[in-house]
Amino acid sequence: MKVITSGRQLSRVIAARRKRGERIGFVPTMGALHEGHLSLIRRARKESGCVVVSIFVNPLQFGPAEDYSRYPRARKTDHALCRRAGVDLVFSPSVKEVYPAGFRSAVVVWGLGEVLCGRTRPGHFRGVATVVAKLFHIVDPDTAYFGQKDAQQAALIRRLVRDLDFPVRITVCPTVREPDGLAMSSRNAYLSALERRQAPILYRSLQKARALILREGQRDAGVIKRAVRASISRASEARIDYVAVVSKQDLTPLNKIKGECLIAVAVWFGKTRLIDNTIVKVKAGKSKK
Ligand code: AMP
């Protein structure tokens with residue numbers, strides 16, 4: 001495994017591997033790797049000759065009052081985990097390498113970046129789209145792997161790739177969870193013992209929503225949202241940011257559950273904001289209500 005800090009050098013090494021006929025699989029991350037990241041890496045390993053993982057805490061996607069400086073960084077463990085998972089190339093650039101002095105450009109995906117998490121985190125998805133566009137240019141992957149845990153990010157990246165003609169296939173992998181259902185996240189480390197005990201309420205409330213739709217035939221998005229809110233509110237430390245029922249593709253709000261819909265939640269536990277979601281597919285004509 002090679003660790004590379006220069007974008008130019010990485011592009012050269014990757015170009016040579018592509019010449020040898022290898023498919024390039026790419027997993028962008030911010031490090032502090034856990035089983036969620038590793039599931040993407042394993043999928044990339046299965047499907048590609050050359051696996052590239054980027055580890056870059058992207059300052060552009062953090063708001064001024066957010067946790068950029070205290071975001072967990074674990075370079076040594078991350079490298080060991082990558083090596084063990086069979087990664088070929090780790091791209092670990094400095095902030096200056098990605099955003100040299102004078103950098104003034106941005107990529108905006110209209111309509112998908114301002115809703116849901118974008119309301120609480122203005123500018124966040126502009127930062128995500130900008131860094132992903134840059135990384136796609138540097139790595140030029142055949143396939144890039146993202147997690148369903150960040151459903152809004154996945155929808156936005158799919159749109160970005162279509163809109164700007166990036167020749168890359170986007171594969172979205174299922175959310176990896178702790179045994180009690182909590183979606184794995186680098187930010188779970190911030191939770192106090194009490195908050196950590198209560199945090200699986202996100203998963204349980206989403207399971208409740210699934211049961212209402214799939215077992216009881218409920219199709220009214222308002223009823224679903226109220227049930228999810230009521231369930232989350234039972235946790236004393238939880239403060240709801242949003243509960244949303246939207247179309248999976250373009251994130252527009254739905255009144256009625258139909259097609260592929262995304263039920264997404266964001267909840268504060270103290271200063272830590274957790275997100276989770278589930279996708280429900282409903283066939284036409286199956287409604288009881
Ligand atoms: P991050 O390091 O948080 O930027 O995440 C890097 C990638 O890993 C993103 O595509 C995330 O969606 C994905 N990811 C993070 N947590 C999980 C998880 N629990 N399950 C699956 N994918 C995840």
Novice: Run Glu195 and Tyr190 through side chain to side chain contact (heavy atoms under 4.5 Å, CB included) and show every step you take.
Specialist: CA-CA 9 Å; Glu195 290 162 354; Tyr190 299 153; over 6 Å; no
Novice: For Ile14, run the side-chain contact (heavy atoms from CB on, under 4.5 Å) check against Asp88, Leu89, Ile138 and tell me which one passes.
Specialist: Leu89
Novice: Decide yes or no on side chain to side chain contact (heavy atoms under 4.5 Å, CB included) for His137 and Phe166, but give the supporting numbers first.
Specialist: CA-CA 9 Å; His137 282 308; Phe166 282 94; 3.7 Å; yes
Novice: Where the side chain of Thr171 meets the backbone of Tyr145, is there a donor-acceptor pair that is under 3.5 Å apart?
Specialist: no
Novice: Heavy atoms only: give me the nearest Ser186-His37 pair and the separation to one decimal.
Specialist: OG-CE1, 3.9 Å
Novice: Determine yes or no for a side-chain-to-main-chain donor-acceptor pair under 3.5 angstrom, with Ser48 supplying the side chain and Arg45 the backbone.
Specialist: no
Novice: How long is the straight-line distance from CG of Leu40 back to CZ of Phe146, given to the nearest 0.5 Å?
Specialist: 9.0 Å
Novice: Between Val246 and Pro253, what is the shortest heavy-atom contact and its length?
Specialist: CG1-CA, 3.9 Å
Novice: Please lay out, stage by stage, how Met1 and Cys82 fare under the test side chain to side chain contact (heavy atoms under 4.5 Å, CB included).
Specialist: CA-CA 8 Å; Met1 186 182 86; Cys82 284; 3.6 Å; yes
Novice: Which of parallel (below 30°), tilted (30 to 60°) and perpendicular (above 60°) describes Tyr99 and Phe103?
Specialist: perpendicular
Novice: Report yes or no: do Val132 and Leu10 belong to one cluster of Ile/Leu/Val/Met/Phe/Trp/Tyr joined by side chain heavy-atom distances under 4.5 Å?
Specialist: yes
Novice: Would you say Leu38 and Val52 are hydrophobically clustered, going by side-chain heavy atoms of ILVMFWY under 4.5 Å?
Specialist: no
Novice: State, yes or no, whether a side-chain contact exists between Gln207 and Arg210 at a heavy-atom distance under 4.5 Å.
Specialist: yes
Novice: Taking 4.0 angstrom as the limit, do Glu216 and Lys208 come out as a salt bridge?
Specialist: no
Novice: Quick one: CG on Leu33 to CE on Met184, what's the gap to the nearest 0.5 Å?
Specialist: 12.5 Å
Novice: How long is the straight-line distance from CG of Asn277 back to CG of Leu202, given to the nearest 0.5 Å?
Specialist: 10.0 Å
Novice: Between Arg18 (side chain) and Asp140 (backbone), is there a donor-acceptor pair under 3.5 Å?
Specialist: yes
Novice: How close do Gly36 and Ser39 get, heavy atom to heavy atom, and via which atoms?
Specialist: O-OG, 2.7 Å
Novice: How long is the straight-line distance from CG of Asp142 back to CD1 of Ile24, given to the nearest 0.5 Å?
Specialist: 6.0 Å
Novice: Looking at Asp276 and Arg177, is there a salt bridge between them, counting it only when a charged N and a carboxylate O are closer than 4.0 Å?
Specialist: yes
Novice: For Val168 and Ala144, which heavy atoms make the closest approach, and how far apart are they?
Specialist: CG2-N, 3.7 Å
Novice: Would you confirm whether Thr5, through its side chain, and Pro93, through its main-chain N or O, come within 3.5 Å as a donor-acceptor pair?
Specialist: no
Novice: Among Val172, Leu112, Val128, which residue satisfies the side-chain contact (heavy atoms from CB on, under 4.5 Å) criterion with Ile157?
Specialist: Val128
Novice: Determine, for Asp180 against Arg196, whether the closest basic-nitrogen to carboxylate-oxygen distance falls under 4.0 angstrom.
Specialist: yes
Novice: For residues Arg204 and Ser231, is any side-chain donor paired with an opposing acceptor at under 3.5 Å?
Specialist: no
Novice: With heavy-atom distances below 4.5 Å as the criterion, would you say the side chains of Val108 and Phe125 are in contact?
Specialist: no
Novice: Could you tell me the separation between the CD atom of Glu97 and the NZ atom of Lys134, rounded to the nearest 0.5 Å?
Specialist: 8.0 Å
Novice: I would like to know whether Ile201 and Phe269 meet side chain to side chain contact (heavy atoms under 4.5 Å, CB included); could you show each step before the answer?
Specialist: CA-CA 11 Å; Ile201 193 65; Phe269 281 90; 4.0 Å; yes
Novice: Transitively linked via ILVMFWY side-chain contacts under 4.5 Å: Val109 with Phe136?
Specialist: yes
Novice: Is any side-chain heavy atom of Thr29 less than 4.5 Å from a side-chain heavy atom of Asp78?
Specialist: no
Novice: If we ignore hydrogens and angles and just use 3.5 Å, is the side chain of Ser205 paired with the main-chain N or O of Val228 as donor and acceptor?
Specialist: no
Novice: Looking just at side-chain N and O atoms, do Gln198 and Ser236 make a donor-acceptor pair shorter than 3.5 Å?
Specialist: yes
Novice: Rounded to the nearest 0.5 Å, how far apart are CG of Asp241 and CD1 of Ile275?
Specialist: 10.5 Å
Novice: Taking everything shown except Arg20 itself, do over 12 heavy atoms lie less than 6.0 Å from its CZ?
Specialist: yes
Novice: Please answer whether the main-chain N or O of Cys117 pairs with a side-chain N or O of Gln152 as donor and acceptor at a distance below 3.5 Å.
Specialist: yes
Novice: For the backbone of Ile213 and the side chain of Arg219, can you confirm whether one donor and one acceptor N or O come within less than 3.5 Å of each other?
Specialist: yes
Novice: Checking the side chain of Glu66 only, and the main-chain atoms of Tyr68 only, is there a donor and an acceptor separated by less than 3.5 Å?
Specialist: no
Novice: His79 side chain to Lys76 main-chain N or O, any donor-acceptor pair under 3.5 Å?
Specialist: no
Novice: Under 4.5 Å between side-chain heavy atoms, counting indirect links through other Ile/Leu/Val/Met/Phe/Trp/Tyr residues: same cluster for Val139 and Ile4 or not?
Specialist: yes
Novice: For Val245 and Cys261, which heavy atoms make the closest approach, and how far apart are they?
Specialist: CG1-SG, 4.5 Å
Novice: How about Arg126 and Leu60: do any of their side-chain heavy atoms sit closer than 4.5 Å?
Specialist: no
Novice: Mind checking whether Val243 and Leu251 sit in one hydrophobic cluster, side chains of I, L, V, M, F, W, Y counted as touching below 4.5 Å?
Specialist: no
Novice: Would you call the rings of Phe62 and Tyr71 parallel, tilted or perpendicular if under 30° counts as parallel and over 60° as perpendicular?
Specialist: perpendicular
Novice: For Ser185, is there any backbone N or O sitting under 3.5 Å from a side-chain donor or acceptor partner on Lys149?
Specialist: no
Novice: Do you know which two heavy atoms are closest between Lys225 and Ala244, and how far apart they sit?
Specialist: CD-CA, 4.2 Å
Novice: Quick check on Arg73: does its CZ atom have over 12 non-hydrogen neighbours (other residues, nucleotides or ligands) under 6.0 Å away?
Specialist: yes
